[in-house]
Amino acid sequence: MSLLTEMDVRSRDLFRRLVETYLETGEPVGSRTLSRGPGVDVSPATIRNVMADLTELGILSAPHASAGRIPTERGLRLFIDGIMEIGEPSEAERRALEADAGAEGAADLLSRAAGALSGLTRTASLIVTSKSDRPLRHVEFVRLDPERALAVLVDDRGDVENRLIALPAGLPAASLERASNFLNAQVAGRTISQARREVLEQLDAQRGQLDDLSADLVRRGVAEVGPGSGGPQLIVRGQANLLEGAGADLERIQQLFEEIERKQGLIDLLEAAKDGEGVRVFIGSENRLFSLSGSAVVAAPYRDAERNIVGVVGVVGPTRLNYARVVPLVDYTAEIVTRLIR
């Protein structure tokens, strides 16, 4: 039997009211405050008894000596999964997201989508995206030093992506140009993954056209600039929003800034949102990354034209998020990115 089914109607109603009041104010909620709510017909004394029972169940806690209570992480999880009513973004919110996210080029689209979401939710927004595997218009190798070069990829939408690759020892400048020309002839209009097998077959069939070092560079190129080779990328926007209303929680917000800087941990957390459909909510110590700041992440995956999950969009902030509003905004942003990224 779940905890919600064990609670009577009055306890569930008072618990819901307390959590909603806490999420709105950020302050411990007392029995007198709840007794003044619309439709509440029980005394403060009765409410105190209910709050004491819910505290014993581990879903409320008393942070100070006062009688006020706040939901624990367990209580927030219970509220989100079993009680919270999720609405829809308003027309104004939809228009704002669609107008601000609309852009030419995938990189600009994702950056603007993150900025729009951050602005509406007053949180820091996050987008994890995989390296693209779109049809290519142009490939070029640019030497950085004797051991490294940039593979500059221009896709069919004009987005430019740079990948760092290792150069074969002793590679002359002319070999960079020959390798670039050979690769352009094979992959123009196709993705690296689509053209990889043919590129390698052509290398074997046309041994006389490329010297060994140029051929080695081409092999490295198709191996190191394919999909996923660059690893997931993280876009963060609106961190300054977290300082608004921080008050006594300033130390916790500063800790959150440090946690956001640990980008790999944040990427790993957001990647977990790919495991399920729809929006995922991660609260506080449910994830080790936020064990110190006790923050929350709301995230949803977005897809490419083939409906493959290719990234995640979300927000991060204190656990006192307006989840009923933030969840549909994150979900709608993921829908917009899915629609526009095709």
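The structure displayed is predicted, hence computed values, not measured ones. Positions are given from 1, in the same order as the sequence printed here. Below, each value reflects all heavy atoms present in this structure, side chains not excepted, and no hydrogens, waters or symmetry copies.
In this structure, the side chains of Ser125 and Ile235 stay at 4.5 Å or more apart for every pair of heavy atoms. In this structure, Leu34 and Val29 have side chains that are in contact, with non-hydrogen atoms separated by less than 4.5 Å. In this structure the side chain of Val297 never reaches within 4.5 angstrom of the side chain of Asn287, judged on heavy atoms. Leu14 places none of its side-chain heavy atoms less than 4.5 Å from the side chain of Leu54. Taking the side chain as every heavy atom from C-beta outward, Glu259 and Leu256 approach each other to under 4.5 Å. For the pair Phe79 and Pro71, the minimum side-chain heavy-atom distance is 4.5 Å or more. A heavy-atom distance below 4.5 Å is found between the side chains of Leu270 and Leu234. Residues Ile47 and Val40 are in side-chain contact: their nearest non-hydrogen atoms beyond the backbone lie under 4.5 Å apart.
Of the inter-residue distances, the one linking Leu340 atom CG with Glu335 atom CD reads 11.5 Å to the nearest 0.5 angstrom. Note that CG of Leu3 is 8.0 Å distant from CZ of Phe15, once rounded to the nearest 0.5 Å. From Arg95, atom CZ reaches atom CG of Leu97 across 11.5 Å, with rounding to the nearest 0.5 Å. Rounding to the nearest 0.5 Å gives a distance of 11.0 Å between CZ of Arg122 and CG of Leu243. In this structure, CG in Leu136 is found 13.0 Å from CD in Gln186, a value given to the nearest 0.5 Å. Taken to the nearest 0.5 Å, the CG atom of Leu78 stands 10.0 Å off from the CZ atom of Arg12.
The minimum heavy-atom distance between Leu23 and Arg320, with the atom names listed, is O-NH1, 3.0 Å. When all heavy atoms are compared, the tightest approach of Thr319 to Gly284 is CG2-N, 4.2 Å. Of all heavy-atom pairs spanning Phe282 and Ala272, the tightest one is CZ-CB, 4.2 Å. Of all heavy-atom pairs spanning Ile70 and Pro28, the tightest one is CG2-CA, 3.6 Å. Nearest approach of Ala273 to Ala299, heavy atoms of both residues: CB-CB, 3.9 Å. Here the closest heavy-atom approach between residue Leu167 and residue Leu176 is recorded as CD2-CD2, 4.0 Å.
Counting only distance, with no hydrogens or angles, the side chain of Arg69 and the backbone of Ser31 share no donor-acceptor pair below 3.5 Å. One N or O on the side chain of Arg74 and one on the backbone of Leu57 form a donor-acceptor pair closer than 3.5 Å. No donor-acceptor distance shorter than 3.5 angstrom exists from the side chain of Thr129 to the backbone of Gly311, with no hydrogens or angles considered. The closest donor-acceptor contact from the side chain of Thr72 to the backbone of Ser61 lies at 3.5 Å or more, if one exists at all. Checked by atom type and distance alone, the side chain of Arg143 pairs as donor or acceptor with a backbone atom of Leu171 at under 3.5 Å. A donor-acceptor contact shorter than 3.5 Å links the side chain of Asn184 to the backbone of Ser180. Of the possible polar contacts, one joining the Arg17 side chain to the Pro38 backbone as a donor-acceptor pair under 3.5 Å is found. Side-chain N or O atoms of Ser118 include one that pairs as donor or acceptor with a backbone N or O of Thr123 at under 3.5 Å.
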Evaluate the criterion side chain to side chain contact (heavy atoms under 4.5 Å, CB included) for residue pair Ile127 and Tyr302; output intermediate values, then yes/no. CA-CA 10 Å; Ile127 291 187; Tyr302 62 89; 3.9 Å; yes
Yes or no on side chain to side chain donor-acceptor pair (under 3.5 Å) for Asp53 and Ser11, after CA distance, side-chain angles and deciding distance? CA-CA 9 Å; Asp53 291 340; Ser11 296; 6.0 Å; no
May I have the step-by-step check of salt bridge (Lys or Arg N to Asp or Glu O under 4.0 Å) for Arg94 and Glu98, ending in yes or no? CA-CA 6 Å; Arg94 289 173 185 264; Glu98 290 172 356; 5.8 Å; no
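One side chain, Ser175 or Arg178, offers a donor N or O that lies under 3.5 Å from an acceptor on the other.
When Ile80, Ile86, Val279 are each tested for a side-chain contact (heavy atoms from CB on, under 4.5 Å) with Tyr323, only one passes: Ile80.
Salt-bridge formation is detected for the pair Arg16/Asp13: a Lys NZ or Arg NE/NH1/NH2 atom is positioned less than 4.0 Å from an Asp or Glu carboxylate oxygen.
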